[in-house]
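Keep in mind that what you see is a predicted model, and the values were worked out from it rather than measured.
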Amino acid sequence: MTQLLVLTLIGDDRPGLVEKVSAVIAAHGGNWTESSMAQLAGKFAGILKVEIPAEKTEALEAELGAIAALKVVVE
């Protein structure tokens, strides 16, 4: 069974940040379906809709939360 998640991300903008988030989602069998991203005052801000196997949700949250200098909220 898949679960839909909405992620909000904010942190210092730096090269490779979107690639890192994408790699974490893919590593957990997720599918990034929609997003809106912006750079504001040197910060990266993003809202993403992700489909992921329900049993991998906790592991995804933990790994995203471990990305340095990035605050992640999962709904």
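By the criterion of side-chain heavy atoms lying less than 4.5 angstrom apart, applied directly or through intervening Ile, Leu, Val, Met, Phe, Trp or Tyr residues, Ile25 is not grouped with Ile10; the two fall into different hydrophobic clusters. In the hydrophobic clustering of ILVMFWY residues, with side-chain heavy atoms under 4.5 Å counting as a link, Met37 and Leu7 come out together. Ile47 and Trp32 are not part of a single hydrophobic cluster, where members link through side-chain heavy atoms under 4.5 Å apart.
Atom OG1 of Thr8 sits about 9.5 Å away from atom CG of Leu48, to the nearest 0.5 Å. The distance from atom CD of Gln39 to atom CG of Leu17, rounded to the nearest 0.5 Å, is 11.0 Å.
Minimum interatomic distance between Pro53 and Gly29 (heavy atoms only, all atoms of both residues): CD-O, 3.4 Å.
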| message | Leu5 vs Leu60, test: side-chain contact (heavy atoms from CB on, under 4.5 Å). Steps then yes/no. | response | CA-CA 11 Å; Leu5 302 175; Leu60 174 70; 4.0 Å; yes
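Thr33 places a side-chain N or O within donor-acceptor distance of the main-chain N or O of Lys49, the cut-off being under 3.5 Å.
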Going by atom type alone, with no hydrogens or angles, which donor-acceptor pairs under 3.5 Å involve a side-chain atom of residues 63-75 and a protein atom two or more places apart or on another chain?
{"from": "Glu63", "atom 1": "OE1", "to": "His28", "atom 2": "NE2", "distance (Å)": "3.4"}

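Applying the 6.0 Å contact sphere to CD of Glu58 captures no more than 12 heavy atoms from other residues, nucleotides or ligands.
Residues in residues 11-33 take part in these salt bridge (Lys or Arg N to Asp or Glu O under 4.0 Å) pairs, two or more places apart or across chains: Asp12-Lys43.
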